[in-house]
Visitor: 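Sharing a structure here in structure tokens format.
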Amino acid sequence: GQQVQQSPASLVLQEGENAELQCNFSSTATRLQWFYQRPGGSLVSLLSNPSGTKHTGRLTSTTVTKERRGSLHISSSQITDSGTYLCAMFSGGSNAKLTFGKGTKLSVKS
Amino acid sequence: NAGVIQTPRHKVTGKGQEATLWCEPISGHSAVFWYRQTIVQGLEFLTYFRNQAPIDDSGMPKERFSAQMPNQSHSTLKIQSTQPQDSAVYLCASSHWGGQDTQYFGPGTRLLVL
């Protein structure tokens, strides 16, 4: 079935460093959606884009659907960025369900 | 805008009992999704409604699980004869039109089956 692989599984940064989170998927995806989740918290939608690059604040999402990969760049990380980042794919057509990766757990230290 | 509302936030049931989970989508959204999150399996799709009609239930376990959307303002997920392996966080999401529109998630219902 469709699979989404995220790397790294966990990442520890010093405050102010940049983070690069990777997402690879096993079949043709037509759009990726990135989410953020604190332990025990809700899923918060960050960015969603079918291809190319999209920015919001310190976040940049890049999707290359032909190469079955995407990435989320977090610049100047802050302690409050700590949590789990989930990548999810739409697989095209009229299919509306999201297939999720297992996430990247980010810890930002002072 | 209150976002997607889910009740209850926590539910504890005994093995063999029934559990009903409620979801109120964002006002004006026509698509409602149910997902399940566990440590082992991660986030898995269960089912999807659009304009109250069931569209895709490919992720629903064939036995004991059912979902309904009786009106545009709420959906229910019912689990009959709950088993310990049903313990999970059940998440509801909504989007404007379905398809590949951005999905917005509720806080989830944490179900524990003893």
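Within every chain, numbering begins at 1; the chains are lettered A, B, ... in the order of the sequence lines, protein sequences first and strands thereafter.
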Visitor: Say whether Ile55(B) and Met69(B) are linked into one hydrophobic cluster, either directly or through other cluster members, by side-chain heavy-atom distances under 4.5 angstrom.
Guide: no

Visitor: Counting only N and O atoms by type, is there a donor-acceptor contact under 3.5 Å from the side chain of Lys97(A) to the main-chain atoms of Leu46(B)?
Guide: no

Visitor: Counting heavy atoms not belonging to Leu114(B), are there more than 12 under 6.0 Å from its CG?
Guide: yes

Visitor: Is it the backbone or the side chain of Ser95(B) that comes under 4.5 Å from a heavy atom of chain A, or both, or neither?
Guide: neither

Visitor: Which heavy atom in Asp101(B) sits nearest to a heavy atom in Phe90(A), and how many Å separate them?
Guide: O-CZ, 3.5 Å

Visitor: In terms of hydrophobic clusters joined by side-chain contacts under 4.5 Å, are Tyr48(B) and Phe100(A) together?
Guide: yes

Visitor: For each of Ser42(A), Pro50(A), Gly101(A), tally heavy-atom pairs with chain B at distances under 4.5 Å, and name the one with the top tally.
Guide: Ser42(A)

Visitor: If every non-hydrogen atom of Gln41(B) is compared with every non-hydrogen atom of Lys102(A), which pair is closest and at what distance?
Guide: O-CE, 3.4 Å

Visitor: Between Arg31(A) and Gln100(B), what is the shortest heavy-atom contact and its length?
Guide: CD-O, 3.3 Å

Visitor: Output the distance between atom CZ (Phe105(B)) and atom OG (Ser45(A)), rounded to the nearest 0.5 Å.
Guide: 9.0 Å

Visitor: Got more than 12 heavy atoms from elsewhere within 6.0 Å of CD, Gln72(B)?
Guide: no

Visitor: With a 4.5 angstrom heavy-atom cut-off, is it the side chain or the backbone of Arg110(B) that approaches chain A, or both, or neither?
Guide: side chain

Visitor: Are side-chain heavy atoms of Leu43(A) and Tyr35(B) found at a separation under 4.5 Å?
Guide: no

Visitor: So does Gln22(A) have more than 12 non-hydrogen atoms from other groups sitting under 6.0 Å from CD?
Guide: yes

Visitor: Mark yes when over 12 heavy atoms from residues, nucleotides or ligands other than Gln14(A) sit less than 6.0 Å from its CD; otherwise mark no.
Guide: yes

Visitor: What heavy-atom pair brings Phe45(B) and Leu98(A) nearest, and what distance separates the two atoms?
Guide: CB-O, 4.1 Å

Visitor: Do Ile26(B) and Trp22(B) belong to the same hydrophobic cluster, where Ile, Leu, Val, Met, Phe, Trp and Tyr are linked whenever their side-chain heavy atoms lie under 4.5 Å apart, directly or via other members?
Guide: no

